[in-house]
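Here is the naming used below: chain letters follow the sequence lines, and residue numbers restart at 1 for every chain.
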Protein chains: 2
Amino acid sequence: MSLRYAMLGLLADRPASGYDLLQRFKTSLSNVWPATQSQIYTELTKLADTGQIAVTDEGPRGRKEYTITDEGQAELRQWLVGALPRPARNEMLLRIFFLGAITPDQAREYLTALETRAEQGLAGLTGLKEAVDWEDNDFSNYGRIAMEWGERYFAMNQEWAQWALKQMPQRDNSLGR
Amino acid sequence: MSLRYAMLGLLADRPASGYDLLQRFKTSLSNVWPATQSQIYTELTKLADTGQIAVTDEGPRGRKEYTITDEGQAELRQWLVGALPRPARNEMLLRIFFLGAITPDQAREYLTALETRAEQGLAGLTGLKEAVDWEDNDFSNYGRIAMEWGERYFAMNQEWAQWALKQMPQRDNSLGR
DNA sequence: TTCCGCATGTAATGGGTTACATGATTAG
DNA sequence: CTAATCATGTAACCCATTACATGCGGAA
């Protein structure tokens, strides 16, 4: 349901083709709202049918460049000021609840993997932060705020995973699975 | 896809009917993996068909109590030691990217609402922590670890929202929408 | 006897993923 | 000429949500 708004949001920043949008989803939005090629083109057609975007240019290879319309802008704004989204499912946490079904060694492996991922995620974000050329516009400014969330999120996860490992019974020398 | 494992996980803890599972989803798992009544009953039928759970008792009003089978246990364990789940979509963050489409005042409202929710979420968890009677078994132990994640998560969100509000241009006195 | 809670099931719709399918341009 | 990239579109399947639909049992 939010895919359409993600697309409207990107098109509000600047006009783009389906292919362009796909690239932007792969880079800046991949961690936040992944979208497939299939989905993007299907949704573009729907949005054009309902008049929220319009083809404003055509290029080689059937390229169609879409621009957001006033109706689309209004729709986007309505979404942004609407009720808070309810938090999504969390598979990573769900697994935690059931770790009693595997051995403590295996459970520790899981927590260690989470710690590693958090560490790498943080490193990745730090790299990205330097790679991006931050401009002085809304999109960049709010992008930085989103990135700050990501950094804090990864840091929190790393610390939590370390804490959780300390809660576990240490060193299980039993053999076999 | 994870719903089946959530159900297997609960049934690994103890046998239950669809109705029982529904209650447990509503209480302990609602923040982590919400599930509807409809979904639970449909999935119970599938799991029974594939032999991962079995009806081990029947009660009044057509009540069927299900127990996890060895095959179900194996399936659950395989999920738990499998590849790390990829992080889910984050609508709350997605909105951040596009806040430039609304006024700074409206954007601040959004951030304030996030802060409030984090604060309340933290309070709710603290209350829950005291309400639950923590036993000395795996399910309780890992439940505590999951709860700790929740506390840290809400705290992080609250601090981040406060930080984000400080980044915003202060006090916009312009009129109009 | 009446209401609440227990208890189960199905159907329609929408969104997401994977796979299938095709073809034009451009750079080397 | 050939490979990589640009570029779009469709179909099948699965999962989740909402709504519909029914009925028993126990307590007041």
Side-chain angles (χ1 to χ4, degrees), chain A residues 1-8 10-11 15-27 29-50 52-66 75 79 83 85-91 94, chain B residues 1-8 10-11 15-27 29-50 53-66 79 83 85-91 94:
Chain A
M1 183 71 218
S2 299
L3 172 72
R4 67 180 326 136
Y5 300 110
M7 289 172 60
L8 287 173
L10 289 174
L11 290 174
S17 69
Y19 192 84
D20 293 341
L21 290 178
L22 183 59
Q23 308 312 314
R24 297 186 75 184
F25 271 98
K26 268 196 249 177
T27 55
L29 289 184
S30 66
N31 297 310
V32 167
W33 205 271
T36 61
Q37 174 264 351
S38 163
Q39 228 182 332
I40 289 171
Y41 284 104
T42 310
E43 194 64 33
L44 276 175
T45 310
K46 282 193 216 162
L47 285 170
D49 283 350
T50 57
Q52 301 182 316
I53 61 176
V55 176
T56 46
D57 195 17
E58 308 212 4
R61 277 163 293 196
R63 181 177 207 272
K64 284 182 273 183
E65 195 169 76
Y66 293 91
E75 183 83 5
W79 174 67
R86 42 176 165 178
R89 295 178 161 72
N90 189 335
E91 185 177 342
L94 180 65
Chain B
M1 184 71 215
S2 298
L3 173 72
R4 67 181 324 136
Y5 300 109
M7 290 172 60
L8 287 174
L10 289 174
L11 290 174
S17 68
Y19 192 84
D20 293 340
L21 290 178
L22 183 58
Q23 310 310 315
R24 297 186 73 186
F25 271 97
K26 268 195 248 177
T27 55
L29 289 185
S30 66
N31 297 310
V32 168
W33 205 269
T36 61
Q37 175 264 350
S38 163
Q39 229 183 333
I40 288 170
Y41 284 105
T42 310
E43 193 65 32
L44 275 175
T45 311
K46 283 192 216 163
L47 285 170
D49 284 349
T50 57
I53 61 176
V55 177
T56 45
D57 196 16
E58 307 211 5
R61 279 164 291 194
R63 180 178 208 274
K64 284 181 274 185
E65 195 168 76
Y66 293 91
W79 173 67
R86 42 176 165 178
R89 295 179 160 71
N90 189 335
E91 186 177 342
L94 180 64

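The distance from the CG atom of A:Leu44 to the CG atom of A:Leu11 is 7.0 Å, given to the nearest 0.5 Å.
The two residues A:Gly18 and A:Ile40 have their closest heavy-atom pair at O-CG2, 4.0 Å. Pairing each heavy atom of A:Leu47 with each of A:Arg4, the nearest pair is CD2-NH2, 3.8 Å.
Using a 4.0 Å cutoff to heavy atoms of chain A, the contacted part of DNA chain D runs 5' to 3' from D:dT5 to D:dT18.
The distance from atom CD of B:Gln23 to atom P of C:dA7 is 9 Å, rounded to the nearest whole Å. Regarding B:Gln37, its CD atom lies at a distance of 10 Å from the C1' atom of C:dT10, rounded to whole Å. The distance from atom CZ of B:Arg63 to atom P of C:dG5 is 17 Å, rounded to the nearest whole Å. Residue B:Lys64 contributes atom NZ, which lies 7 Å from atom P of C:dT8 at whole-angstrom precision. Per the geometry, CG belonging to A:Leu22 stands 14 Å off P belonging to C:dT18, to the nearest Å. Note: CG (B:Leu44) to P (C:dT10) measures 12 Å, nearest angstrom. Nucleotide C:dT8 holds its C1' atom 16 Å from the CD atom of B:Gln39, rounded to whole Å. Rounding to whole angstrom units, CD1 of residue A:Ile40 and P of C:dT17 are separated by 11 Å.
Note on B:Arg4: nothing from the nucleic acid sits closer than 4.0 angstrom, heavy atoms only.
With hydrogens and angles ignored, no donor-acceptor pair under 3.5 angstrom links the side chain of B:Ser17 to the base of C:dT8.
Using a cutoff of 4.0 Å between basic side-chain nitrogens and carboxylate oxygens, B:Asp20 and B:Arg63 are scored as salt-bridged. Between A:Glu91 and A:Arg89 there is no salt bridge, since no side-chain nitrogen of the basic residue lies less than 4.0 Å from a carboxylate oxygen of the acidic one.
Taking 4.0 angstrom as the limit, B:Arg61 places none of its side-chain polar atoms (N or O) nearer than this to OP1 or OP2 of C:dC6.
Nearer the 5' end of DNA chain C, as judged by each residue's closest nucleotide, is the contact made by A:Met1, out of A:Pro60 and A:Met1. Heavy-atom distances to DNA chain D give each of A:Gly18 and A:Arg86 a nearest nucleotide, and the one nearer the 5′ end belongs to A:Gly18.
No donor-acceptor pair under 3.5 Å is formed between the side chain of B:Ser2 and the backbone N or O of B:Tyr5.
Taking B:Tyr66 as the reference, nothing meets the ring pair (Phe, Tyr, Trp, His ring centres under 6.0 Å) condition, with sequence neighbours excluded.
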